[in-house]
Amino acid sequence: METAKKPTMGRRKDIDRIIIERGKRGAGTPLQPDHYHNFYEILYLSSGRCRFLLKDSVYHLEKGDLVFIVPGELHHAHYSAGNSCEITTIYFKKEFLPSSHWADLHSFMGSVPALYQEDFHQLLSKMLSENSCIDEYSDSFMRCHLSELLLVLMRHSVMGQEEPELLNTKDIDILTATKYIYKHFQKPLTLEEISGVVSLSPTYFSKKFKQTTGMGFKEYLNFVRLKHAQTALLTTNNTITDIALEYGFNDSNYFKDLFKKVYGKSPREYRKNPEA
């Protein structure tokens, strides 16, 4: 019998150990306000189906599909009415990777081959048991199991296979919109402009964008802008006001307030100490 703690599947700002959770999600699952974080995440779908937004693309996920998400990448799962999914999620930081050369991992989607799913589930069960910190050896076992899991994904080419299907043709307009936003985020984009790009009315586009991606148009646009501004704070000497203007924020005070709300510190504080 598994002895893992009851999954919370909730909002996480930071972690200090390898964490694994298993639980049911569906249309009634509360939307998480944060869609990116400073640690790695592996999400495995053991039953059901859902849509998953990763950066500028939306995918259909089904039983056996897996998503690997690196720190800072936009992601969001969207569950349809009447469809319950069983999800296992693993969170870990860079220091828990087996060795430094693993730090070059990138976000990807793939499927665990049906032939190996039983073994994969047994490995997840081992991690769930150790997640309850049954003794002083649990952290070491979790590191070993995480290494084994990553090696399994590499052995069976899960990291290098073709990704799950993109949204079907009736949703291609939303995929076109997310890619357009990623390409033109520095411009003063408006709902009217983006809806015009995909030939939809602003009202219908706004509703469909939210239904398809799980995020509002403005929320998605702000994320893309903040992500690039975050990188600029650490890689340039530009002033905070210049960075705000360069990445699409007309009001530097609004940028500072939004940045602090998302990252937990002001742009100036983040530039001085991004890891704290």
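The chain is numbered in sequence order, starting from 1. These numbers come from the heavy atoms of this one structure, side chains and all, not from hydrogens, waters or symmetry mates. Quick caveat, the model's predicted, so the values are computed rather than measured.
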Hey, could you give me the [atom1]/[atom2] distance between [X] and [Y], rounded to the nearest 0.5 Å?
| X | Y | atom1 | atom2 | value |
| --- | --- | --- | --- | --- |
| E148 | L153 | CD | CG | 10.5 Å |
| D139 | C144 | CG | SG | 11.0 Å |
| I19 | N131 | CD1 | CG | 7.0 Å |
| L97 | K94 | CG | NZ | 8.5 Å |
| K210 | I174 | NZ | CD1 | 13.0 Å |
| L53 | T178 | CG | OG1 | 7.0 Å |

Checklist entry - Is it the case that more than 12 heavy atoms not belonging to Y116 sit under 6.0 Å from its OH atom? => result no
Can you list the residues that meet the side-chain hydrogen bond (donor to acceptor under 3.5 Å, both in side chains) rule with [X], with sequence neighbours excluded?
| X | value |
| --- | --- |
| Y182 | none |
| S266 | E269 |
| S206 | none |
| Y220 | none |

Non-hydrogen atoms of [X] and [Y] that approach each other most closely:
| X | Y | value |
| --- | --- | --- |
| R225 | L189 | NH2-N, 3.6 Å |
| Y137 | D135 | N-OD1, 2.8 Å |
| I134 | S138 | N-OG, 3.1 Å |
| K265 | F259 | O-CD2, 3.3 Å |

Show every donor-acceptor pair shorter than 3.5 Å between a side-chain atom in residues 243-256 and any protein atom, with sequence neighbours excluded, or say none if there are none.
| residue | atom | partner | partner atom | Å |
| --- | --- | --- | --- | --- |
| D251 | OD1 | N253 | N | 2.9 |
| D251 | OD1 | Y254 | N | 3.3 |
| Y254 | OH | N222 | ND2 | 3.2 |

Checklist entry - With a 3.5 Å cut-off and no angle check, do the side chains of H106 and E73 form a donor-acceptor pair? => result no
Checklist entry - Do Q117 and H121 have side-chain N/O donor and acceptor atoms under 3.5 Å apart? => result no
Checklist entry - Given R17 and C133, is the side-chain contact (heavy atoms from CB on, under 4.5 Å) satisfied, shown in steps? => result CA-CA 11 Å; R17 63 185 179 91; C133 299; 4.0 Å; yes
Those residues that, when tested against [X], pass side chain to side chain contact (heavy atoms under 4.5 Å, CB included) (two or more places apart):
| X | answer |
| --- | --- |
| D16 | none |
| E86 | R22, K24, S46, S47 |
| Q122 | E118, D119 |

Item to check | Chi angles and distances behind the side-chain contact (heavy atoms from CB on, under 4.5 Å) call for T89, I42 | outcome: CA-CA 6 Å; T89 313; I42 298 175; over 6 Å; no
Checklist entry - Same cluster or not: are L200 and I194 linked, directly or through other Ile, Leu, Val, Met, Phe, Trp or Tyr residues, by side-chain heavy atoms under 4.5 angstrom apart? => result yes
Checklist entry - Under a 4.5 Å side-chain heavy-atom rule over Ile, Leu, Val, Met, Phe, Trp and Tyr, are V152 and F141 clustered together? => result no
For residues [X] and [Y], determine if any side-chain heavy atom of one lies less than 4.5 Å from a side-chain heavy atom of the other.
| X | Y | value |
| --- | --- | --- |
| K93 | N38 | yes |
| F68 | V70 | yes |
| F223 | I181 | no |
| R49 | K63 | no |
| I87 | L45 | yes |
| L149 | I90 | yes |
| M142 | I20 | yes |
| L124 | H145 | no |

Checklist entry - Looking at F108, F96, F92, Y91, which one forms a ring-ring contact (aromatic ring centres under 6.0 Å, His included) with Y40? => result F92
What side-chain donor-acceptor pairs closer than 3.5 Å can you find for residues 229-242, not counting sequence neighbours?
| residue | atom | partner | partner atom | Å |
| --- | --- | --- | --- | --- |
| Q230 | OE1 | Y263 | OH | 3.3 |
| Q230 | NE2 | Y270 | OH | 2.7 |
| T231 | OG1 | K227 | O | 3.3 |
| T235 | OG1 | T231 | O | 2.8 |
| T236 | OG1 | A232 | O | 2.8 |
| T236 | OG1 | N238 | N | 3.4 |
| T239 | OG1 | D242 | N | 3.1 |
| T239 | OG1 | D242 | OD2 | 3.1 |

Checklist entry - Does any pair with a residue in residues 189-198 pass side-chain hydrogen bond (donor to acceptor under 3.5 Å, both in side chains), and if so which ones, sequence neighbours excluded? => result Y180-E193
Item to check | Non-neighbouring partners of F185 that pass ring-ring contact (aromatic ring centres under 6.0 Å, His included), sequence neighbours left out | outcome: H228
Item to check | Pair L66-F120, side-chain contact (heavy atoms from CB on, under 4.5 Å): steps then yes or no | outcome: CA-CA 11 Å; L66 177 147; F120 189 76; 3.7 Å; yes
Checklist entry - Can you list the steps and then say if L61 with M109 is a side-chain contact (heavy atoms from CB on, under 4.5 Å)? => result CA-CA 9 Å; L61 298 187; M109 293 193 180; 3.9 Å; yes
Checklist entry - With sequence neighbours left out, what residues match R268 under salt bridge (Lys or Arg N to Asp or Glu O under 4.0 Å)? => result none
Checklist entry - Can you check salt bridge (Lys or Arg N to Asp or Glu O under 4.0 Å) on K208 and D173, steps first, answer last? => result CA-CA 10 Å; K208 187 174 184 181; D173 43 14; 3.1 Å; yes
